[in-house]
Amino acid sequence: MSRNFKFKPKPLKTLKYEQPKTQLLFELFTIGSVIKRLPAHLPFPEVSKMPTVVHWFRLDLRLHDNLALRNAINEAENRKHILRPVYFLNPDSIHNIGTNRLRFLIQSLQDLDANLRKLNTRLYIIKDTAINCLPKLFQKWQVKFLTVQVDIDPHLVDQDDAIEKVAEENDIFIVKRVQHTVYDVHSVLKKNNGSVPLTYQKFLSLVQDMQVKETIDINKQISECCKAEDYNSKEYDVPTLEEIGVDESTLSECKYPGGETEGLKRLNVYMSRKQWVCKFEKPNSSPNSIEPSTTVLSPYLSHGCLSSRLFYHKLKDVENGMLHTQPPVSLLGQLMWREFYYTAGAGTENFDRMVGNKLCTQIPWGENTEHLRAWAEGRTGYPFVDAIMRQLKQEGWIHHLARHMVACFLTRGDLWISWEEGAKVFENYLLDYDWSLNAGNWMWLSASAIFYKYFRVYSPVAFGKKTDKDGLYIRKYVPELKKYPSEYIYEPWKAPKSIQTKAGCVVGIGYPKRIVDHDKIHKENMQKMSLAYKNNREKKAMKRPRS
DNA sequence: AGTCATGTTGTCGCT
DNA sequence: GAGCGACAACATGAC
């Protein structure tokens with residue numbers, strides 16, 4: 001697969017395109033847009049009466065701060081063309097999206113459709129993949145203009161390349177907008193001479209003096225003449241969960257409903273707590289509180305229900321004139337971590353794999369299907385690890401430090417299983433799954449890249465006790481242990497048989513025995529890490545002999 | 001050029 | 001009981 005891993009600025013072509021003299025002209029030529037002039041091609045049968053402008057929604061499920069969408073609206077308005085905002089959802093190709101995330105997605109699409117209808121347009125859901133269907137729609141709808149957000153997930157990038165090719169053959173203008181991150185990651189890479197900043201501090205220094213664009217709003221009613229004749233067709237309605245093959249009765253209570261409306265509401269709730277925002281320090285927040293100790297804005301940011309730039313500006317407003325914490329620990333610092341990983345992901349080939357990934361230390365991970373399953377299903381015999389994995393599976397969100405705990409346990413700490421396996425499980429379960437953050441954080445936790453102090457191993461017994469001495473969190477998510485005395489809640493195997501019986505759960509019967517002995521195995525693993533690092537160093541030295 | 005301090009988020013044992 | 005160094009590190013930038 002060919003991928004844009006080194007910074008290669010796409011040329012901004014000059015066009016001979018009779019633009020109406022509007023704001024659009026200005027918008028089209030601002031930094032971050034990529035516009036293609038494409039050769040003419042033939043018309044086709046069954047075409048719509050009027051030409052169409054399409055906005056292709058992907059990870060930008062919102063109206064606010066969506067410049068690509070506004071470009072589409074303006075173009076349709078100025079030329080009196082049909083406007084069709086579309087989303088491609090193929091029920092057959094959603095296998096790596098877990099049911100919780102699918103629910104979040106469907107809710108987000110419902111909300112998006114509702115918000116679009118307030119503007120006198122709607123969302124067209126196409127129950128197919130973009131690759132299969134967009135070329136046909138180009139002709140069926142007489143598409144002349146296509147707007148889309150720039151995404152960096154290689155799956156989407158590959159899709160883009162293919163679509164752009166087809167568009168080329170159909171004389172369609174494409175406008176791509178950078179609006180998923182605060183900064184244009186390619187500008188950051190360029191500023192760093194084309195290479196990836198490998199430390200957070202380095203990243204911060206690069207973006208320090210970069211301007212962050214103001215956000216925009218879309219709130220004008222769209223003209224009646226931009227409505228398609230199939231405006232009321234049920235064919236394009238947002239499907240129900242049942243229709244895409246999800247049995248809703250298997251899902252737990254919905255703690256984090258999807259959608260722009262929820263995302264904005266959540267943002268405003270937290271931004272109104274000014275003292276809390278200004279005092280926020282991530283490492284001091286608790287991984288095992290019963291209610292989240294952080295904002296849980298991440299699923300809204302990952303789906304684009306919430307604009308990262310809006311979050312940025314709101315945070316700046318709150319911090320303005322107040323004494324506040326600083327990156328990396330501050331709330332703004334959290335947003336910058338996201339930017340950091342996006343930059344690394346965009347600038348690194350094979351970022352989501354170990355082999356062929358320049359940043360990633362090559363480590364000879366083992367295979368153990370049984371252990372991997374036990375970990376994923378929350379039955380390792382370590383109550384804290386199991387509680388976290390069960391919360392993840394049920395609710396689709398766990399605290400960042402809880403992710404540290406279980407990721408360390410799966411990889412360098414205990415099970416010695418590849419971080420790629422863990423990343424796949426997280427991709428399935430997390431509401432806030434994000435391609436670059438997921439791969440980046442897994443490499444961090446497995447001490448494969450960016451973070452190197454592999455001897456800092458999280459103890460499945462000690463770590464949780466710091467913030468939850470009595471194991472209330474464990475009692476909630478591993479209810480079979482809820483009657484255990486606090487003394488044994490983190491290590492039930494140490495409880496005398498009589499106490500186990502009295503608590504109604506004998507280890508090995510009602511709750512699994514430990515699948516590994518942490519005290520022993522983490523020391524063995526550290527030796528393996530040491531060796532892997534040593535081999536890595538030697539390989540590097542071989543590649544770059546002293547001149 | 002080489003040295004040195006520094007960096008989101010560990011644990012244990014000793015003072 | 002808090003604070004500190006040891007324990008199996010590496011990239012960066014200041015000097």
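Here is the naming used below: chain letters follow the sequence lines, and residue numbers restart at 1 for every chain.
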Point to revise | Nearest atoms (heavy-atom pairs only) where Met271(A) meets Val318(A) | key: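 Heavy atoms only, the tightest pair is O-CG2, 3.6 Å.
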
Please write out each protein N/O paired with an N/O of nucleotides 2-5 of chain C under 3.5 Å, distance rounded to 0.1 Å.
none

Practice item. Report the residues that fulfil salt bridge (Lys or Arg N to Asp or Glu O under 4.0 Å) with Arg475(A), sequence neighbours left out, ordered by chain and then residue number. Key: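 So Arg475(A) forms no salt bridge (Lys or Arg N to Asp or Glu O under 4.0 Å) with any residue.
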
So that I can tick it off, tell me whether [Y] and [X] are bridged by a salt bridge, with the cut-off set at under 4.0 angstrom between side-chain N and carboxylate O.
X: Lys191(A); Y: Asp209(A); answer: yes
X: Asp184(A); Y: Lys213(A); answer: no
X: Glu260(A); Y: Lys265(A); answer: no
X: Glu253(A); Y: Arg103(A); answer: no
X: Glu421(A); Y: Arg373(A); answer: no

Review point. What string of B, S and - do you get for nucleotides 8-15 of chain C, 5' to 3', when a contact is any protein heavy atom under 4.0 Å?
Key: BBSSSS--

Practice item. Have a look at Val329(A) and say if it touches a base, only the backbone sugar-phosphate, or nothing, with a 4.0 Å heavy-atom cut-off. Key: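 The residue Val329(A) makes base contact.
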
Check your understanding: Which string of ( ) [ ] | and . matches DNA chain B, if you list each base 5' to 3' and count Watson-Crick or G-U pairs only when both distances are under 3.5 Å?
Key -> .||||||..||||||

Point to revise | Phosphate OP1/OP2 of dT8(B) contacted by Gln201(A) side-chain N/O (<4.0 Å) | key: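 Yes.
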
Review point. Is there a side-chain polar atom (N or O) of Arg456(A) under 4.0 Å from OP1 or OP2 of dT9(B)?
Key: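 For dT9(B), OP1/OP2 do have a side-chain N/O of Arg456(A) under 4.0 Å.
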
**Study point:** Close approaches to DNA chain B from residues 278-292 of chain A, in residue order (heavy atom, under 4.0 Å)
**Key:**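 Residues of residues 278-292 of chain A under 4.0 Å from DNA chain B: Lys282(A), Pro283(A).
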
Point to revise | Residue list, side-chain hydrogen bond (donor to acceptor under 3.5 Å, both in side chains) with Thr325(A), at least two apart or on another chain | key: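 None.
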
Review point. Do Tyr300(A) and Tyr256(A) have ring centres separated by under 6.0 Å?
Key: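 Not under 6.0 Å, so no.
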
**Study point:** Residues Gln391(A) and Tyr473(A): side-chain donor-acceptor under 3.5 angstrom
**Key:**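 Checked: Gln391(A)/Tyr473(A) side chains pair up, N/O donor to acceptor below 3.5 Å.
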
Review point. Taking O4'-C1'-N9-C4 for purines and O4'-C1'-N1-C2 for pyrimidines, is dA8(C) syn (within 90° of 0) or anti?
Key: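 dA8(C): syn glycosidic orientation.
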
Review point. Would Trp337(A) pass as stacked on dT8(B), i.e. its ring centre under 5.5 Å from the base's six-membered ring centre and planes under 30° apart?
Key: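 Whether judged by distance or by angle, Trp337(A) passes, so it stacks on the base of dT8(B).
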
